[in-house]
Q: 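Quick one: the structure is below, questions incoming.
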Amino acid sequence: MTERLIRLMRIINLIQSKPGILARELAERCETTERTIYRDLEALHAMNIPISNFGHGKGYAFISNFSMYPLDWTEQEAVSFSMLPSVLEQIKTLIPEGFDAAYEKVMGTHHKEKARRVDIVQHVADVIQLGTPAYREDGRSFLYDIIQATLSQQTIRTVYYSQGRNEQSQRDIDPYYLVPRDYRFYVIGYCHSAKDIRTFRISRFREVEILEQTFDKEDFNLKTYMKNTWSIERGEHQIKFKVRFHPDSARYVKEEELFMKPKLTPQKDGSLLFEVTVNHDREFLNWLSQYGPDAEILEPVSYRSAMREKLERWKTLYEV
């Protein structure tokens with residue numbers, strides 16, 4: 001939901017800044033598919049945002065007097081523009097009449113839109129209900145701060161709990177994307193301590209402070225980064241799974257909303273052949289286990305053996 005909100009705002013901004021922009025370019029700039037862009041445009045139309053397609057090859061633009069200026073300003077750009085009068089003070093005799101009034105209108109619009117944007121982000125953060133780990137008494141969420149920092153491309157200073165090392169550490173993070181996975185939210189971004197891209201679970205943040213420092217995602221591509229990742233846990237292997245789903249479960253598997261695109265081949269007996277390549281096995285196997293005996297791993301053979309051993313251990317537990 002949050003991911004889509006950010007993309008919708010970006011689409012509005014791109015159409016406003018480049019009337020006639022094509023769906024293909026919107027998809028490239030938003031790092032998604034044209035099909036997703038078309039669905040997003042339909043959603044904006046349903047919200048009475050007056051976007052019109054002017055015909056094949058002519059792209060999209062706003063109709064009437066709709067505008068959302070200056071939505072694309074960063075804090076650094078706003079500060080730079082606010083310093084303009086002092087810079088022009090040296091040549092004030094050359095500045096045409098009416099400049100001060102125009103400047104005040106632009107800055108007034110900026111502050112109004114900035115306040116409106118804060119209200120929207122706060123509203124979104126309020127309606128998204130996050131769970132709290134069982135071991136924590138403090139249910140505080142930093143979702144609002146993280147959304148705000150992601151939109152304005154500002155670095156956050158955090159105290160983060162690492163479950164693997166069972167310790168807390170201070171980190172400066174450039175939050176590139178906010179990603180929902182399995183009823184949780186994760187931040188994918190550049191960690192200044194690790195000097196690399198990392199994934200952080202929001203519920204493990206203990207403190208979050210938005211810094212004045214801004215960042216640029218440069219050529220980072222989320223789709224490439226998450227290629228062959230079943231949910232959120234990434235690995236270095238390429239494991240090709242082939243699974244047969246019983247006819248009773250086949251129709252439900254087809255309705256699953258997955259983060260990857262598997263190959264689905266219906267069989268004559270009503271069963272479903274499910275093929276997918278993942279770079280880490282744990283999350284995929286956890287998902288598969290919910291189907292119990294209705295999901296039979298055909299390949300790799302090593303995973304059939306591992307499943308057999310697991311079932312034997314389970315059986316032993318309940319023989320008493």
Side-chain angles (χ1 to χ4, degrees), residues 1 3 128-139 141 160-168 179-188 198-206 223 225-320:
M1 176 66 180
E3 224 176 21
I128 296 175
Q129 296 299 305
L130 301 180
T132 303
Y135 66 88
R136 283 183 58 185
E137 295 182 2
D138 177 17
S141 167
Y160 186 76
Y161 169 70
S162 175
Q163 187 182 54
R165 294 191 295 273
N166 191 28
E167 64 180 19
Q168 296 183 173
V179 180
R181 291 289 190 270
D182 298 328
Y183 309 107
R184 305 181 185 96
F185 277 90
Y186 296 85
V187 171
I188 294 178
R198 290 288 187 271
T199 301
F200 302 93
R201 184 167 157 178
I202 282 189
S203 62
R204 292 179 184 159
F205 285 111
R206 298 296 183 265
K223 186 178 295 185
Y225 181 77
M226 298 297 289
K227 184 179 181 181
N228 292 344
T229 300
W230 180 254
S231 179
I232 199 70
E233 194 170 357
R234 298 169 67 248
E236 300 298 327
H237 305 288
Q238 297 299 310
I239 311 166
K240 297 181 179 180
F241 279 99
K242 185 180 290 186
V243 180
R244 176 186 178 275
F245 285 94
H246 189 275
D248 291 343
S249 295
R251 63 181 182 275
Y252 298 109
V253 174
K254 292 177 182 178
E255 291 183 343
E256 288 271 16
E257 297 180 9
L258 306 174
F259 301 114
M260 294 181 60
K261 185 68 174 176
K263 179 182 178 182
L264 305 178
T265 308
Q267 304 298 294
K268 291 181 179 180
D269 63 355
S271 63
L272 182 69
L273 185 62
F274 183 103
E275 298 174 83
V276 70
T277 298
V278 298
N279 56 37
H280 199 286
D281 60 4
R282 189 181 69 85
E283 291 176 327
F284 175 73
L285 293 174
N286 286 345
W287 172 80
L288 202 63
S289 66
Q290 68 181 309
Y291 287 98
D294 281 355
E296 177 190 1
I297 298 176
L298 303 178
E299 296 177 8
V301 175
S302 60
Y303 281 87
R304 284 181 64 88
S305 302
M307 180 61 75
R308 187 182 302 112
E309 293 174 6
K310 184 176 182 179
L311 291 174
E312 288 295 334
R313 292 199 303 272
W314 280 1
K315 182 180 177 182
T316 303
L317 288 175
Y318 292 97
E319 284 180 342
V320 180

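Given the structure is predicted, the values throughout are model-derived calculations rather than measurements.
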Q: So M226 and F259, side chain to side chain contact (heavy atoms under 4.5 Å, CB included) or not? Walk me through it.
A: CA-CA 9 Å; M226 298 297 289; F259 301 114; over 6 Å; no
Q: For the atom pair OH (Y160) and CZ (R204), what is the distance rounded to the nearest 0.5 Å?
A: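 Rounded to the nearest 0.5 Å, the OH-CZ separation comes out at 5.0 Å.
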Q: List the atom of P266, the atom of K254, and the distance in Å for their closest heavy-atom pair.
A: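 Minimum heavy-atom separation between P266 and K254: CG-NZ, 4.3 Å.
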Q: Which is it for R184 and I232 under the side chain to side chain contact (heavy atoms under 4.5 Å, CB included) test, yes or no, and what are the steps along the way?
A: CA-CA 10 Å; R184 305 181 185 96; I232 199 70; over 6 Å; no
Q: With the side chain counted from C-beta on, respond yes when L288 and F241 share a heavy-atom pair under 4.5 Å apart, and no when they do not.
A: no
Q: Nearest 0.5 Å, what's the CZ-CD1 distance between R234 and I188?
A: 8.0 Å
Q: Using side chain to side chain contact (heavy atoms under 4.5 Å, CB included), reason through Y225 and T199 one step at a time and then give a plain yes or no.
A: CA-CA 11 Å; Y225 181 77; T199 301; 3.8 Å; yes
Q: Could I get the full list of ring pair (Phe, Tyr, Trp, His ring centres under 6.0 Å) partners for Y291, not counting sequence neighbours?
A: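 Applying ring pair (Phe, Tyr, Trp, His ring centres under 6.0 Å) to Y291 gives F245, W287.
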Q: Mind checking the NZ-NZ spacing from K263 to K242? Nearest 0.5 Å is all I need.
A: 8.0 Å
Q: Show me, pair by pair, the donor-acceptor contacts under 3.5 angstrom made by side chains of residues 300-307, not counting sequence neighbours?
A:
residue: Y303; atom: OH; partner: D281; partner atom: OD2; Å: 2.8
residue: R304; atom: NH1; partner: E296; partner atom: OE2; Å: 3.0
residue: R304; atom: NH1; partner: I297; partner atom: O; Å: 2.6

Q: For the OH atom on Y252, are there more than 12 heavy atoms of other groups (residues, nucleotides or ligands in this structure) within a distance under 6.0 Å?
A: no
Q: Supply the atom-to-atom distance S289 OG to F284 CZ, rounded to the nearest 0.5 angstrom.
A: 10.5 Å
Q: Please tabulate, for the side chains in residues 267-280, all donor-acceptor contacts under 3.5 angstrom to protein atoms that are two or more places apart in sequence or on a different chain.
A:
residue: Q267; atom: NE2; partner: T265; partner atom: O; Å: 2.9
residue: D269; atom: OD1; partner: S271; partner atom: N; Å: 3.0
residue: D269; atom: OD1; partner: S271; partner atom: OG; Å: 2.6
residue: D269; atom: OD2; partner: R244; partner atom: NH2; Å: 3.1
residue: N279; atom: OD1; partner: G235; partner atom: N; Å: 3.0
residue: N279; atom: ND2; partner: K227; partner atom: O; Å: 3.0
residue: N279; atom: ND2; partner: N228; partner atom: O; Å: 3.2
residue: N279; atom: ND2; partner: T229; partner atom: OG1; Å: 3.1
residue: H280; atom: ND1; partner: R282; partner atom: N; Å: 3.3
residue: H280; atom: NE2; partner: E233; partner atom: OE2; Å: 3.3

Q: Between H237 (side chain) and I239 (backbone), is there a donor-acceptor pair under 3.5 Å?
A: no
